[in-house]
Amino acid sequence: MTNVLEIKKLSKSFGDLKVLDAIDLTVSKGSTVVIIGASGSGKSTLLRCVNFMEIPSAGQIVLQGDLIGSGTGESMSYSDSELAKMRARVGMVFQHFNLFPHMTVKQNVMEGPRTVLKCNTAECERRADRYLEKVGLGWKADAYPSHLSGGQQQRVAIARALAMEPEVMLFDEATSALDPELVGEVLQTMKELADDGMTMLIVTHELGFAYTVADRVLFLSEGKILEQGDPEAVLINPKQEATKNFLRGHGSFRLPEPNLD
Amino acid sequence: MGYEWDFAIVFRDFDLLLLGLVNTLKVTGFALLFGVPLGLVLALARLYGVAIIRVPVGFVIEFLRSTPPIAQLFWFFFAMPLLLDIEIDPFEAAVITFSLQSSAFFAEVFRGGIASIDSGQWEASKALGMERNAQLRRIILPQAIKRMVPAFMERAIEVMKTTTLVGTISYADLLYEANSIAEETYRYLEVFTVAAGMYFVVIFICSMGVRHLEHYLGRTGEITTG
Ligand SMILES: Nc1ncnc2c1ncn2[C@@H]1O[C@H](COP(=O)(O)OP(=O)(O)OP(=O)(O)O)[C@@H](O)[C@H]1O
Ligand SMILES: [Mg+2]
C-alpha cells in the first residue's frame with residue numbers, strides 16, 4: 001500500500017510551549033486515521049501542521065512522495081507559493097465550517113477550483129454539482145450559507161474541500177459546533193467518504209464514530225502519540241493509564257442500547 | 001422681524017449656483033476617485049507591508065488625519081509650487097489635497113473593515129490553497145466592503161462638506177458662488193438658504209441611494225449579523 005502522507009519527527013512549539021514532540025505518522029492510501037486526546041494535547045496543532053496552517057518547528061511532511069520544503073529535518077524552509085500549492089492538495093474541514101457568506105452554496109464549492117486550480121467554468125460547475133450531490137445538498141445550490149442549518153453548512157464545507165479533489169482530507173472536530181441532532185448527518189457524510197476510499201485524518205470526540213470508521217486510532221498526550229492501533233485495541237482494550245483515564249471521562253454517562261423499533 | 005424674503009434675485013443667478021455645485025461635485029468626485037483606491041493601498045501597506053513601509057505609511061496616515069484640511073490645502077496651493085517650482089491651479093490643488101486627506105480616512109475605514117472579518121475566512125481560503133492576493137480579492141474585501149458601505153458614505157459626505165474650503169483659494173465651488181452673489185445682492189439670507197438646500201438635496205439623495213444599496217447588499221443575510 002502506498003503512503004499518502006508521511007509525517008517525520010514533527011515538532012511544534014509556541015514560544016516556550018512544546019505542543020508536538022517528534023511525531024512520526026504515516027497514513028496509507030484510503031485509510032482513515034482518527035486522533036483522540038484530551039483538550040490541549042495538540043490534536044488541532046498536529047492537523048494544522050500537516051497542511052502548514054501552522055509551520056512546524058522541526059520535522060518533515062511528505063505528501064505522495066513529495067517532500068514539502070527544503071532543508072534537513074531540523075530546519076526546513078518553505079516558500080509561500082509552494083505551501084499554497086501543497087494546501088490545494090489537502091482538504092480541510094473546520095469546527096466552525098467557515099463558509100464564505102457572500103457566496104451561494106454552489107459558488108462556495110466552485111471557488112477553490114476556479115481561483116486556485118484555474119478550472120474553466122464548465123469544470124467548476126461539474127465539480128460543484130458532483131460534490132454537492134455527494135453530500136446530499138444539490139438542492140441547496142443557490143442558497144446562501146446563512147440560510148442553512150449547521151449540519152448542512154458543514155456538509156457544504158466538506159463538498160467545498162472535496163471539489164479540490166484532494167489527496168487527503170483533514171477534519172478538526174467537524175461536529176463539535178453542531179447541535180446534537182445535527183451531528184449524525186455530518187458523521188454519516190464522513191463515513192460515506194471513508195467507505196469510498198478517501199484518505200482521512202480525523203480529530204473527533206465522537207468515540208462511537210471513531211470505533212466504526214477508523215482503521216487506526218491514535219491517542220495523543222502531551223504532544224506525543226502515547227498509544228495507537230486498531231479501534232478495538234485503543235478504544236476497547238487500552239493499555240496506557242492516560243488512555244484509560246481519557247476513556248473513563250468520556251464514558252461517565254452511558255445509555256444502554258436504546259430500543260428504537 | 002418684517003424681513004422681506006426675495007428669492008427672485010437668487011434665482012436670477014441660479015445658473016451660477018448650479019455651476020458652483022457642479023464644481024463642488026467635480027472636486028468631490030475626483031477626490032473620491034483617487035482617495036478611495038489610495039486609501040485601500042495605504043490600508044494594505046499598513047496591514048501587510050514590511051516594517052520599512054508600514055511605519056512611514058502609518059505616520060503619513062496619522063499626519064493627514066491630525067492636521068486641519070485647510071492647512072493642507074494652503075500647503076499644496078501656496079507652498080508646494082514654491083518648493084517644486086511648478087504652477088498649480090486651485091482645482092488641482094483642491095483635488096490633490098482632498099484625495100490625500102480623504103485617503104487617510106478611507107485607509108482607516110478599509111483597515112477596520114478588513115480587521116472585522118472573522119479569522120475563519122482567512123483560514124478557510126488559505127486551506128483551499130489561495131495566496132494572500134486571492135484571499136483579499138475574492139474572500140476578504142468583498143465582505144469587508146459591504147460592511148464598510150455606511151462608513152464610506154459618511155466619509156464621502158464629509159469630503160463633500162470639507163471641499164467648501166476651496167473657496168479660500170478662489171476656486172468657484174457652490175459656497176464660493178453663493179458668497180459672491182450674496183455680497184453683490186446683500187441677499188445673504190436667501191442665497192445661503194438656497195445654497196444649504198442644494199447641499200442638502202445632493203447629500204440626501206446620496207444617502208437614500210446608499211440605504212437602498214445596503215438593503216440590496218444585505219440580501220445574503222450576513223451584513224446584519226456581522
Ligand atoms: N497559535 C497558538 N499560539 C500559542 N499557543 C497555541 C496556539 N495554538 C495552540 N496553542 C496551544 O497549544 C496547545 C495545544 O493546542 P491544540 O489546539 O492543538 O489542542 P487540541 O488537542 O486541539 O485541544 P482541543 O481539544 O481543546 O481542541 C494548547 O496549550 C494551546 O493553548
Ligand atoms: Mg483542537
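A, B, ... follow the sequence lines: proteins, then strands. Residue 1 opens every chain.
Within the 4.5 angstrom heavy-atom criterion, no atom of A/Thr104 approaches chain B. With a 4.5 Å cut-off on non-hydrogen atoms, A/Phe94 touches chain B through its side chain but not through its backbone. In this structure, chain B has a heavy atom under 4.5 Å from the backbone of A/Leu99, while its side chain stays farther away. The contact between A/Met164 and chain B is made entirely by side chain atoms (from C-beta outward), counting heavy-atom distances below 4.5 Å. When heavy atoms are compared at a cutoff of 4.5 Å, A/Arg89 does not approach chain B at all.
Options A/Gly112, A/Ala161, A/Ala157, A/Ser81 differ in how many heavy-atom pairs under 4.5 Å they form with chain B, and the most are formed by A/Ser81. For the set A/Met92, A/His96, A/Glu111, A/Arg48, the entry with the most heavy-atom pairs within less than 4.5 Å of chain B is A/Glu111.
Under the side-chain contact (heavy atoms from CB on, under 4.5 Å) rule, A/Val90 has a single partner from A/Leu47, A/Thr199, A/Ile61, A/Leu63, which is A/Leu63. Test A/Asp196, A/Asp129, A/Thr189 against A/Lys134 for side chain to side chain donor-acceptor pair (under 3.5 Å) and you get one pass: A/Asp196.
When side chains are defined from C-beta on, A/Ile7 counts as touching A/Val50, because their heavy atoms get closer than 4.5 Å.
For the pair B/Thr24 (side chain) and B/Asp173 (backbone), a donor-acceptor distance under 3.5 Å is absent.
Between B/Phe76 and B/Phe98, the ring center distance fails the sub-6.0 Å criterion.
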